[in-house]
There are 2 protein chains.
Amino acid sequence: MTVTLADVAARARVSPATVSRVLNGNYPVAASTRERVLRAVDDLDYVLNGPASSLAAATSDLVGILVNDIADPFFGIMAGAAQTQIGGPGDGSGRAGGEKLAVICNTGGSPERELTYLTLLQRQRAAAVVLTGGAVENPAHQAAMSAKLAKLADAGTRIVFCGRPPLPEGDALVAALTFDNRGGGRRLAEHLVSLGHRRIGYVAGPPERTTTRHRLEGHREALRAAGLDAAPAGADRDRSSDDQERLTVHGPYDRRSGYEATLELLRRAPDVTAIVAANDTVALGACAAVRDQGMRIPQDISVAGFDDLPFSVDAVPALTTVRLPLFEAGARAGRLAMGKENPPPGGIATIAAELMIRGSTAAPRG
Amino acid sequence: MTVTLADVAARARVSPATVSRVLNGNYPVAASTRERVLRAVDDLDYVLNGPASSLAAATSDLVGILVNDIADPFFGIMAGAAQTQIGGPGDGSGRAGGEKLAVICNTGGSPERELTYLTLLQRQRAAAVVLTGGAVENPAHQAAMSAKLAKLADAGTRIVFCGRPPLPEGDALVAALTFDNRGGGRRLAEHLVSLGHRRIGYVAGPPERTTTRHRLEGHREALRAAGLDAAPAGADRDRSSDDQERLTVHGPYDRRSGYEATLELLRRAPDVTAIVAANDTVALGACAAVRDQGMRIPQDISVAGFDDLPFSVDAVPALTTVRLPLFEAGARAGRLAMGKENPPPGGIATIAAELMIRGSTAAPRG
DNA sequence: CTGTTAGCGCATTCAG
DNA sequence: CTGAATGCGCTAACAG
């Protein structure tokens, strides 16, 4: 029923080994034989048996790209970019030559599913794995991840991080591209401070994510530098950080959370003049909440996001945010995974985050 | 170096066959032996060799989900939803039991890459393939797709369409879930007509896509029903359809295209009072162009989209659009691919599209 | 440059 | 319920 390499060999009047050689192309074969073999392949409509091939070669052409939430363009853009570098251009025949199969795996942000996917990819003897986006900072999970990644690396799988800080004991990986979330958060806060804002609300992401923590740390760093973490005169240091806590609400990275967290924030601290959101999607929800409370952006309250997703420039007013070069980073991660590009010195590269000042932020009233 | 089934068998003091049986769980094994085997698996940190397993069983646990553009939430939402039904919940240990590996493949809308991915999945002896979104209506490509899908189906791969019309000769597939794009387009146009619009511009998607065609057909159907395809008095029928052509600009499904096509439309027909976009992303670009021309939405010109992506409700004014239940459709496609749900009668189900009237459309001026 | 020879690790007969 | 034997389809040494 199903045609095998041996069938092709028979028809081309060569040995199976020769067919294998022309198919894999990494071995000298006479042009005329190659020609004959390829014709036989086409005649018979032969398709390589991947599992058999992987078994014999002890490696597969699968490359996994793990994302936290594929419905979020933040991940979609990075993953799509990575695939462009991995999938190969195709030869237009749909015949599929030495292409890798770049596949996206959606963990939904769940640590268990992240590990499960890694195990599944390990099973398949994946050629490489790209992990994108923030990591969960749970010690047990981090340990499990380190162990799993070490095992993958042992088995020859290339590991690349994209938009994720390297693990503490993570020397198994080829390279880590990390975004300067802290610096971006800092510059965004500095921008608001320089406009004259003194009470700034922060709608943060889930507490255990590195992305959340780094952005928030940058934010607070800037406030501290501006002397804004000081509580009202006479209060002690604890009060001061309590105050910052009161100005921060955590939630998932989605629009709805941005909406609800903003309402909560406005209830807790009606005197805030600006709201910084964990990312652009959350910022959109924040904008909606602000408007539903009858306030105008930016006249009554400024709002800012993070990431600079494509829709952010089209918000009204256009969203002030921090641009992350998601496509470029994803593409680079893809190239690193393929070994097409040399890892950065030390294996770690920090990718700059650029402040984009637009209409949604302005000086506070009065 | 790498631990195999035989190693586990040795440690558990059973035969390899028995280990295989407990791992696959589809065969009676004594509880005590099972216990022993599982412990050995954990002790040795054994991970099944996927290729070997697939080779022997002649089927793999790979499920492919093809999308046109993963950076677009339209696809991200469907693909993510499908994965939730396929990936299995995981057992929390990251050990990975009988889970399928649901993977997303990004074709970038290219017919060649679509075929290449199918070939790659065919190589892997994928258990199922889900094809999402509009298809390219090129006869050669359609024929190639039919042939390829037939071969996949022959090899036991389940084929499911999601948001894509069945192929002409496509009886290889398990099921097709198709969106009522035509009906949605019709109702949207009817809505505008009922508001009093007579000159409606249309920013369409790429010409060869089924989605583009169906939405546009619905749109024109409604106009025709309202007698609006008639050219100005005295003109003949040809002039009439020429006029509709003049009110239509094609382009890719992205924001930038929406922006540029709208400028072009406004140049061609400055008297349009409403613009319908191929989808919400395009609509966002259209809105930006309209504003940059100094016009207000909806006072000076109405704008509408399609899909009702999450950000659409947050546009200002909120976008009138047609809602497609992307998550539900994706999830259902996932279940069909897994054989967890029975196919609809005839294998084809049409999914309703709901008109969402919001602030971006209103009666024309005067 | 090409053919021959062995497995790769597992699922599945078939016996017991 | 369990073990022994066979082969899935291909690649990778080795020889020529």
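We name chains A, B, ... by the order of the sequence lines, and we start the count at 1 in each one.
Judged by closest nucleotide on DNA chain D, A:Ala52 is the one of A:Ala52 and A:Arg21 placed further toward the 5' end. Across the interface with DNA chain D, nearest-nucleotide mapping of B:Pro28 and A:Leu5 shows B:Pro28 to be the residue nearer the 5′ end.
Taking atom CZ on B:Arg34 and atom P on D:dC1, their separation rounds to 10 Å, with Å as the unit. For the pair B:Asp61 CG and C:dA11 P, the interatomic distance rounds to 11 Å; values are reported in whole Å. We find that CG of B:Leu55 is positioned 12 Å from P of C:dG9, with the value rounded to whole Å. Distance CG (B:Leu23) to C1' (C:dT12): 15 Å, rounded to an integer number of Å. As a whole-Å value, the separation of B:Gln124 CD from D:dG9 P is 15 Å. As rounded to whole Å, 9 Å separates atom C1' of C:dG9 from atom CZ of A:Arg125. When the C1' atom of C:dC1 is taken as reference, atom CZ of A:Arg13 falls 18 Å away, rounded to whole Å. Between the CG atom of B:Asn49 and the P atom of C:dC10 there is a distance of 5 Å, rounded to whole Å.
No donor-acceptor pair closer than 3.5 Å links the side chain of B:Ser20 to the backbone N or O of B:Pro16. Listed for the A:Arg13 side chain is no donor-acceptor partner under 3.5 Å among the backbone atoms of A:Ala10.
The side chain of B:Ala56 approaches C:dA11 more closely than any other nucleotide in the set D:dA12, C:dA11, C:dC1. Checked against C:dT4, D:dT11, D:dG7, the side chain of A:Ser15 finds its nearest nucleotide in C:dT4. The side chain of B:Val14 sits closest to D:dG3 out of D:dT11, C:dG3, D:dG3. For B:Thr18, taking side-chain heavy atoms from C-beta onward, the closest of the listed nucleotides D:dG9, D:dT2, D:dT11 is D:dT2.
Residues B:Thr18 and B:Ser15 bring a donor and an acceptor atom of their side chains to less than 3.5 Å of each other. Side chains of A:Asn68 and A:Glu114: a donor-acceptor N/O pair is absent below 3.5 angstrom, by distance only.
Legend: side chain to side chain donor-acceptor pair (under 3.5 Å) pairs involving residues 47-60 of chain B, not counting sequence neighbours: none detected.
Of the side-chain N and O atoms in A:Thr33, none sit less than 4.0 angstrom from OP1 or OP2 of C:dC1. Checking the phosphate oxygens (OP1, OP2) of D:dG9, no side-chain nitrogen or oxygen of A:Ser53 falls inside 4.0 Å. Contact between the side-chain N/O atoms of B:Ser20 and the OP1/OP2 oxygens of C:dA11 is found at a separation under 4.0 Å. Residue B:Thr4 places none of its side-chain N or O atoms closer than 4.0 Å to OP1 or OP2 of C:dG9.
Contacts of A:Ala58 with the nucleic acid, taken as non-hydrogen atoms under 4.0 Å apart, are absent.
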